Amino acid sequence: MATLNFGGVEETVVTRQEFPLEKAREVLKNDTIAVIGYGVQGPGQSQNLRDNGFNVIVGQREGKTFEKAISDGWVPGETLFSIEEACKRGTVIMCLLSDAAVMSVWDVIKKHLTPGKTLYFSHGFAITWSERTGVVPPADVDVVMVAPKGSGASLRSMFLEGRGVNSSFAVYQDYTGNALERTLALGIGIGSGYLFETTFEREAVSDLTGERGSLMGAIQGLFLAQYEVLRENGHTPSEAFNETVEELTQSLMPLFAAKGMDWMYANCSTTAQRGALDWMGPFHDAIKPVVQQLYASVKCGDEAQKSIDSNSQPDYREKLNEELRQLRESEMWQAAATVRRLRPEAD
């Protein structure tokens with residue numbers, strides 16, 4: 001493990017240099033890794049593990065997603081099975097189902113958690129709010145987590161590019177005495193860039209806060225507010241969208257992602273510098289109370305319960321699709337579709 005300085009705070013991380021792929025293969029050489037669920041994280045993690053030389057099988061219900069797994073090279077009866085059969089065969093059960101789906105098949109998974117097996121998650125939700133989800137593992141298995149800080153699609157695409165999405169890791173229950181080593185081996189196996197330690201609770205709380213905040217919820221709210229103000233004051237959809245979204249995502253984000261916000265500020269116009277520095281304070285002061293309210297709602301379990309209640313409704317998918325349709329067909333994102341078509345093709 002390496003100790004790195006993050007803005008004056010020292011933190012221990014695990015890199016591929018300290019824990020090379022060869023060591024990960026050795027740690028898990030006698031294991032069958034059963035990836036349960038082939039939705040968001042399943043494809044990326046399972047294919048990366050397979051390409052890295054691990055013994056992997058997939059468990060998935062029959063249907064469209066099952067067919068997708070076949071198209072990705074998983075063979076029914078050999079490396080692709082029902083959820084129950086995969087759980088039975090696996091010594092490491094990687095539970096990559098959605099939170100609602102975990103609850104619905106937990107009895108099947110639990111039945112096959114025989115002593116000494118490893119139960120793996122990529123999200124702390126089910127364990128952190130176990131009194132709400134009913135997910136309580138038996139005491140004689142290891143319970144671990146590796147949570148990539150990116151989508152399953154990003155995990156796969158960056159792996160194919162020779163890079164990796166950074167991941168957090170945690171050990172919730174160490175029955176065998178080898179849970180930490182096995183967790184790190186799985187983290188390296190799925191193609192993590194580097195691994196940083198957390199707990200199931202911290203991961204769940206920070207994840208729900210992030211996706212409701214700056215990663216998705218808050219950024220859509222900010223985009224829409226600025227777009228609406230520009231449109232209400234006579235700016236065209238193209239101008240409003242370009243000044244609100246396109247310039248940020250296509251030009252500025254790559255700059256501060258690569259070199260930091262200060263570097264981006266230093267390399268834009270003096271007018272932009274002054275305005276950004278002056279206005280970041282009022283935005284911070286306006287937004288922080290909302291983030292504090294959000295964090296409190298996540299921490300106490302209210303957000304988890306809302307998700308459980310919503311996702312358990314029989315018409316959940318129809319309601320979700322309607323909300324997404326309204327988002328997709330809003331003027332701002334219709335403008336986005338037009339702008340994307342006008343982007344020049346790469347040479």
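Keep in mind the model is a prediction, meaning the values are calculated, not measured. Counting begins at 1 with the first residue of the sequence.
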Test of understanding: with salt bridge (Lys or Arg N to Asp or Glu O under 4.0 Å), list the residues that count as partners of [X], not counting sequence neighbours.
X	value
Glu246	Arg343
Glu67	none
Arg132	none
Glu322	Arg325

With a 4.5 Å limit on heavy-atom distance, are the side chains of [X] and [Y] in contact?
X	Y	value
Val92	Lys117	no
Thr338	Gln334	no
Ile109	Leu97	yes
Tyr194	Val14	no
Leu215	Ile219	no
Leu195	Val146	yes
Leu119	Gln173	no
Gln305	Ile308	yes

If I compare all heavy atoms of [X] with all of [Y], which pair ends up nearest, and what's the gap?
X	Y	result
Gly191	Asn52	N-ND2, 4.5 Å
Gly42	Leu96	CA-CD1, 3.8 Å
Tyr227	Ala335	OH-CB, 4.3 Å
Leu49	Leu186	CD2-O, 4.5 Å
Ala86	Phe81	N-CB, 4.0 Å

Tell me whether [X] contacts the main-chain N or O of [Y] through its side chain, where contact means a donor paired with an acceptor under 3.5 Å.
X	Y	value
Asp31	Thr91	no
Thr65	Arg61	no
Ser154	Gly150	no
Glu247	Glu243	no
Gln313	Asp309	yes
Asp174	Gly177	yes
Arg16	Ser192	yes
Thr133	Ala126	yes
Arg231	His235	yes

> Would Asn242 and Val339 count as a side chain to side chain contact (heavy atoms under 4.5 Å, CB included) if you check the C-alpha gap in whole Å, the side-chain angles of each, and the deciding distance to 0.1 Å?
Replying inline: CA-CA 8 Å; Asn242 273 278; Val339 169; 4.0 Å; yes
Any donor-acceptor N or O pair under 3.5 Å, side chains [X], [Y]:
X	Y	answer
Thr12	Glu197	no
Gln273	Thr270	no
Thr244	Gln226	yes
Thr199	Glu201	no

Can you list everything that forms a side-chain contact (heavy atoms from CB on, under 4.5 Å) with [X]? Sequence neighbours excluded, please.
X	result
Asp302	Ser297, Cys300
Ser310	Tyr316
Ala100	Ser98, Asn311

> Yes or no on side-chain hydrogen bond (donor to acceptor under 3.5 Å, both in side chains) for Thr15 and Gln17, after CA distance, side-chain angles and deciding distance?
Replying inline: CA-CA 5 Å; Thr15 69; Gln17 286 69 46; 3.2 Å; yes
>> Grouping I, L, V, M, F, W and Y whenever their side-chain heavy atoms are under 4.5 Å apart, do Ile93 and Trp106 come out in a common cluster?
In response: yes
>> Using the rule that Ile, Leu, Val, Met, Phe, Trp and Tyr join whenever any side-chain heavy atoms are under 4.5 Å apart, tell me whether Met103 and Val105 fall into a single cluster.
In response: no
>> One pair to check against side chain to side chain contact (heavy atoms under 4.5 Å, CB included): Arg182 and Val144. What are the steps and the verdict?
In response: CA-CA 9 Å; Arg182 293 167 69 75; Val144 307; over 6 Å; no
By side chain to side chain donor-acceptor pair (under 3.5 Å) - contacts of [X] (at least two apart):
X	result
Thr79	none
Glu11	none
Lys23	none

>> As a quick check of understanding, evaluate side chain to side chain contact (heavy atoms under 4.5 Å, CB included) for Glu239 and Leu230, giving each step before the final call.
In response: CA-CA 8 Å; Glu239 184 170 52; Leu230 290 172; over 6 Å; no
>> Within the supplied structure, the quantity of interest is the number of heavy atoms (other residues, nucleotides, ligands) at a distance under 6.0 Å from Gln293 CD; does it exceed 12?
In response: no
> Testing Asn48, Val165, Asn166 for side chain to side chain contact (heavy atoms under 4.5 Å, CB included) with Pro148, which one passes?
Replying inline: Val165
> Considering the options Phe169, Tyr172, Trp129, Tyr120, which one meets the ring pair (Phe, Tyr, Trp, His ring centres under 6.0 Å) requirement together with Phe200?
Replying inline: Tyr172
>> Evaluate Met145 against Val171 for side chain to side chain contact (heavy atoms under 4.5 Å, CB included), listing each step before the verdict.
In response: CA-CA 6 Å; Met145 176 177 65; Val171 174; over 6 Å; no
> Mind checking what makes ring pair (Phe, Tyr, Trp, His ring centres under 6.0 Å) contact with Phe241, not counting sequence neighbours?
Replying inline: Trp333
> Mind checking whether Trp74 and Tyr38 have parallel, tilted or perpendicular rings, split at 30° and 60°?
Replying inline: perpendicular
> Which class fits the ring pair His123 and Phe125: parallel under 30°, tilted 30 to 60°, perpendicular over 60°?
Replying inline: tilted
> Which salt bridge (Lys or Arg N to Asp or Glu O under 4.0 Å) pairs, counting each pair once, include a residue from residues 151-166, with sequence neighbours left out?
Replying inline: Asp51-Arg156, Glu161-Arg163
